[in-house]
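So the structure is just underneath, and the comments pick up after that.
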Amino acid sequence: MNISINYHCRLDQVAYGFALLATIFKQGHPPNLATYNTLIHRLVLADRVFEAVELFKKLLRDKLCEPNQVMYGTVINGLCKVGHTSKALELLRFMESGSSRILKDAEFVVQAMARRGLHPNVITYNALIDGYCLRGEIDEAEKVIDRMMERDIVPDIITYSRLIDGYCKKKRILKAWRLFQEIQDKGLIPNLVTYDNMLQGLFESGNPAAARELFNKMQVKGQVPNICIYRILFHGMCKNYQCSDALALFRSLGNKESMEDVRLYNILIDGYSKCGNPSLAMDLFDELLLKGLKPDVRMYNAMMRVYCKEGLLGKCKELLRKMEESGCLPDRFTYNIIVRELLKKNECGEAEIFLEEMINRGFMPDHATFENLLVRIPNVGKDSRLRTTVVKLTSVERKDV
C-alpha cells in the first residue's frame with residue numbers, strides 16, 4: 001500500500017494518496033511512519049504547506065504515529081518555503097533545547113517533541129538558513145551556522161551554497177567571494193548550485209570578467225556546466241554588452257540540449273536588440289523557427305520590441321496573430337508593447353481596439369502606455385473612445401498585480 005501511495009504522490013496525485021490512506025483505515029490496517037512522511041513531503045512539494053502542517057498536527061494530536069527527524073525537517077522546510085521562518089525557528093529551538101517556547105498555534109507539537117527528545121540535523125538547519133536568506137535576513141542565517149558549530153553539526157556544501165546566494169542577493173559580493181574561497185580551503189568541493197549562485201552574484205555586481213574567469217575555472221576543475229549555468233552566463237554577458245562573445249560561445253557548444261533551448265535564444269535575441277543589432281536578433285528568431293522550436297510569450301515580446309524599435313509595426317501585428325494561432329496567449333507586456341507603438345504612430349482607433357481587449361482580459365496599461373494614452377485624449381466636450389477607456393481603466397479588476 002505504501003508503494004501505491006508513493007506512486008500516486010510522485011505523479012502529483014496527492015488526492016489519490018489520501019484516498020488510499022482512507023482505504024487502509026477502513027480495512028483496519030494503521031498506516032506507518034513512511035506513509036505519513038510521503039504524504040507530508042508531497043504536500044510541501046505541491047505548495048500545500050499548511051495542509052502538511054495540519055496533517056502533522058493531527059498525527060500528534062491523535063497519536064497516529066511517532067514523527068522522526070525527517071518529518072520534523074520536512075515541516076520546518078515547508079514553513080521556511082512559505083516565509084514562516086519565525087515559526088520554523090521556534091520549532092527548531094525547541095528541538096535543540098526542549099524548552100517551553102512553543103508555536104502559538106501548535107503547543108501540542110512542542111510537547112510531543114519534548115517527550116521524544118529529537119534534535120535537528122544538517123538538513124533541518126539548511127532549510128532554516130534558506131528561509132532566512134529568502135527573507136534577506138542574512139545576519140540571522142549566520143547565527144544559525146554558529147549554532148550548528150556549537151552543536152558539532154558540520155555545515156555541508158548545501159549550507160554554504162545557500163549562504164553564498166544570500167550574500168549575493170544582499171549585494172555583499174566580497175563576503176560571498178571570501179566564503180567561496182574558504183569552503184574550498186576546508187576541503188569542500190563547490191557544486192553546480194554553488195557556481196550558479198557565485199556567477200550570478202559576480203555578474204549582477206558588475207564583475208563580468210571575474211564571472212567568466214570563474215566559469216573557465218569550474219570547467220578545469222571538472223564541473224560540466226548545465227543549462228542553468230549557461231543561461232546565467234549568457235544573460236550576464238549580454239547585459240554587459242558582450243553579445244558577440246555570447247553568440248560565439250553558443251555556436252561552439254555543440255550540445256543539442258543547449259543549442260535548442262528557447263530561453264538561451266531569448267537571452268541572445270533580447271541582448272542583440274539592446275546592443276543595437278536588431279537584424280541579428282531577427283536572424284536568430286528565424287533560426288529558432290527553422291529548428292522547429294516553439295517560442296514562448298517572452299520570446300514573442302522580445303521580438304515585438306525589436307520590430308517596434310525598427311518601425312516595423314506591420315510585422316509586430318503579424319507576429320501577434322501568429323502567436324495566438326500557435327496557442328501562445330499574449331500577456332500584459334504584449335499588449336503594452338503594441339498599444340504603445342500604435343499610439344506613437346497616432347493609430348488611435350486600432351489602439352482603442354487593443355486596449356479594450358487588454359482590459360477584457362484583466363490587464364492594465366503600464367506607466368509608459370498611460371503617458372502615451374493621456375496626451376492623445378481630446379479636450380473636454382469632444383467625444384472620445386479613449387476618454388471612455390481611461391474611465392473604464394479606473395474601475396477594472398486587475399489580474400496583473
With side chains defined as the heavy atoms from C-beta onward, is the minimum distance between [X] and [Y] less than 4.5 Å?
X: C308; Y: I337; answer: yes
X: M237; Y: F203; answer: yes
X: M198; Y: C168; answer: yes
X: Y272; Y: L247; answer: yes
X: P330; Y: M358; answer: no
X: C133; Y: I129; answer: yes
X: S279; Y: N277; answer: yes
X: L192; Y: C228; answer: no

Could you pull out the closest heavy-atom pair between [X] and [Y], with the gap in Å?
X: N336; Y: R332; result: ND2-O, 2.8 Å
X: Y160; Y: M149; result: OH-CE, 3.7 Å
X: P155; Y: M148; result: CA-CE, 3.8 Å
X: C243; Y: C275; result: SG-SG, 2.8 Å
X: T369; Y: R340; result: OG1-NH1, 3.0 Å
X: V297; Y: C328; result: N-SG, 3.5 Å

Checking side-chain polar atoms at under 3.5 Å, does [X] have a donor or acceptor matched by the opposite partner on [Y]?
X: K291; Y: Y265; answer: yes
X: Y335; Y: E357; answer: yes
X: Y195; Y: Q219; answer: no

Report the C-alpha separation of L233 and L249 in whole Å, then their side-chain angles, then the decisive distance to 0.1 Å, and conclude whether the side-chain contact (heavy atoms from CB on, under 4.5 Å) test is met. CA-CA 10 Å; L233 183 69; L249 178 58; 3.3 Å; yes
Please lay out, stage by stage, how I229 and F215 fare under the test side-chain contact (heavy atoms from CB on, under 4.5 Å). CA-CA 9 Å; I229 295 285; F215 174 75; 4.0 Å; yes
Atom [atom1] of [X] and atom [atom2] of [Y]: how far apart are they, to the nearest 0.5 Å?
X: L342; Y: I353; atom1: CG; atom2: CD1; value: 9.5 Å
X: R212; Y: N240; atom1: CZ; atom2: CG; value: 10.0 Å
X: Q200; Y: I232; atom1: CD; atom2: CD1; value: 4.5 Å
X: L179; Y: Y167; atom1: CG; atom2: OH; value: 6.0 Å
X: I338; Y: M304; atom1: CD1; atom2: CE; value: 5.5 Å
X: Y300; Y: N266; atom1: OH; atom2: CG; value: 12.0 Å

Under a 4.0 Å N-O cut-off, is there an ion pair linking [X] with [Y]?
X: E182; Y: K186; result: no
X: R251; Y: E287; result: yes
X: K143; Y: E140; result: yes
X: K217; Y: E213; result: yes
X: K309; Y: D270; result: no
X: E204; Y: R172; result: no
X: R263; Y: D296; result: no
X: E350; Y: K317; result: yes

Checking the side chain of [X] only, and the main-chain atoms of [Y] only, is there a donor and an acceptor separated by less than 3.5 Å?
X: Q184; Y: F180; value: yes
X: N197; Y: V193; value: yes
X: D331; Y: F333; value: yes
X: N191; Y: T194; value: yes
X: N372; Y: A368; value: yes
X: N360; Y: E356; value: yes

Whether over 12 other heavy atoms sit under 6.0 Å from [X] [atom1]:
X: R298; atom1: CZ; value: no
X: I157; atom1: CD1; value: yes
X: K170; atom1: NZ; value: no

Intermediate values then yes/no, salt bridge (charged side-chain N to carboxylate O under 4.0 Å, His left out), K344 and E371: CA-CA 11 Å; K344 286 179 182 177; E371 282 191 340; over 6 Å; no
Apply the test side-chain contact (heavy atoms from CB on, under 4.5 Å) to residues M282 and I269: give CA-CA distance (whole Å), side-chain angles for both, the deciding distance (0.1 Å), then the verdict. CA-CA 7 Å; M282 288 186 265; I269 287 171; over 6 Å; no
Partner of L163 by side-chain contact (heavy atoms from CB on, under 4.5 Å), out of I183, D130, I138, N126: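 When I183, D130, I138, N126 are each tested with L163, the side-chain contact (heavy atoms from CB on, under 4.5 Å) holds only for I138.
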One pair to check against side-chain contact (heavy atoms from CB on, under 4.5 Å): N301 and R305. What are the steps and the verdict? CA-CA 6 Å; N301 290 343; R305 289 189 190 96; 4.0 Å; yes
F234 vs F250 aromatic rings, parallel, tilted or perpendicular, using cut-offs 30° and 60°?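 Perpendicular: the ring planes of F234 and F250 meet at over 60°.
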